[in-house]
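Report on one structure; see the data block that follows.
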Amino acid sequence: MKAIQLNRHGDPTDGVSLVDIPDLGPPGPDEIIIDVEASPIQPTDLLMIAGTYGYQPPTPHILGVEGVGRVSAVGSNVTHVTEGDRTLIPPFTPAWSQQVKTSAPWLRPLPDGDVNQLSMLGMNPLTAYVMLTEFGHLQPGDWLLQNGANSSVGRAVIPIAKAMGIRTINVVRRPELIDELLALGADVVLIDGPDLPQRVTAATENADIMLAFDCVGDTTTEELLKSLALHGNVVVYSAMSGKPFALSGPRLLFLGQSVHGYWVFNWLNDAGNCDKLTDIYAYLAPLVVSGAISSPVADTFGFDQFAEAATAAARFHGKAILTPDPR
């Protein structure tokens, strides 16, 4: 069986190889086997390869943090899926393999839809949903502020928030993204800059904004805080700038504002949260199938084209999707 293996941290074109691994064998009573159809190369994957991600299994190990496939075998006790169903590969289960074995009881059949988009359902839409529902307790009509709004998480936040009646202010760095995000349902799209707080105030008619999502870090975290009301909260879920977070101590102290870190890996490791996954994905999957949640795809690549796929993924101009079979 073919799989993509990390041998050593560093350059993905040097420390990663296509290998043969033993077949999985039949499923146990509570297990299923999934034939992998598609898996995206996410920033998480690139960080794991570089050795800078928060979760690092010992090398060598099989890569891939999410994906989708068809159930090809089920154990004697399994009733939640049947052979032939398309289902998720549980997040952080190594997905860059021809087959995956799992006992995750929360898995369910997915509706028919674009396999590339469904392969990206597991991580980023989940992150968006959890942040929207577990922080800030926003109500219909409230405003949410986010930077990196053209990221996969940002693109998921917009339609989920819209479905909940929450209005979004979306910060990007390129003007050509404005119309694209408005078409997704964004209420306001602003170009990042030093006067961002003033433009947020003008766009929302001086509304009290209690919640912001930060995927950038650096000085943009402070600009988000400046845009929030008394006791407002910035939820940090990534640090794509690669720079330290710049925060104002007096602002946190005198305005009672807060900065909260969120990592989907920790959330998934809470057994109580995992019990919620069936309902969450049942809510999210139709949004993906309808196209409301969607991420641009650069191209698809066979496992044997990993080096080319990694190069495309690192450009961050659409997802590179891996498939076990040659393209």
Would a distance-only check, ignoring hydrogens and angles, find a side-chain to backbone donor-acceptor pair under 3.5 Å from Gln257 to Leu230? no
Check whether any side-chain N or O of Lys101 sits under 3.5 Å from a backbone N or O of Leu24 as a donor-acceptor pair, and report yes or no. yes
Polar contact flag, side-chain donor to acceptor under 3.5 angstrom, Thr323-Asp325: no
Judged by modelled atom types alone, do Asp192 and Thr220 share a side-chain donor-acceptor pair under 3.5 Å? no
Any ion pair linking Lys2 and Asp304 (charged N to carboxylate O, less than 4.0 Å)? no
Between Glu180 and Arg155, is the closest basic N to carboxylate O distance under 4.0 Å? yes
If you apply the rule ring pair (Phe, Tyr, Trp, His ring centres under 6.0 Å), what do you find for Tyr55 with Trp263, and how did you get there? CA-CA 11 Å; Tyr55 167 63; Trp263 185 26; 7.5 Å; no
Are Asp142 and Arg167 close enough for a salt bridge, meaning some N to O gap below 4.0 Å? no
Can you see whether Thr13 engages Asp11 through a side-chain donor-acceptor pair at a distance of less than 3.5 angstrom? yes
Please step through salt bridge (Lys or Arg N to Asp or Glu O under 4.0 Å) for the pair Lys276 and Glu134, ending with a clear verdict. CA-CA 13 Å; Lys276 305 174 185 177; Glu134 296 193 7; 3.5 Å; yes
Assess, by modelled atom type and distance only, whether the side chains of Asn124 and Thr127 contain a donor and an acceptor separated by less than 3.5 Å. no
Are the side chain of Arg70 and the backbone N or O of Gly84 linked by a donor-acceptor pair below 3.5 Å? yes
Any chance you could lay out the side-chain contact (heavy atoms from CB on, under 4.5 Å) test for Val65 and Met48, step after step, and finish with the verdict? CA-CA 10 Å; Val65 296; Met48 289 182 73; 3.7 Å; yes
Checking the side chain of Asp270 only, and the main-chain atoms of Trp267 only, is there a donor and an acceptor separated by less than 3.5 Å? no
Among Thr168, Ile166, Asp187, the one residue meeting side chain to side chain contact (heavy atoms under 4.5 Å, CB included) with Trp143: Asp187
Would you please classify the geometry between the Tyr237 ring and the Phe213 ring as parallel, tilted or perpendicular, with 30° and 60° separating the classes? perpendicular
Donor-acceptor contact below 3.5 Å, side chain Gln146 vs main chain Gly154: yes
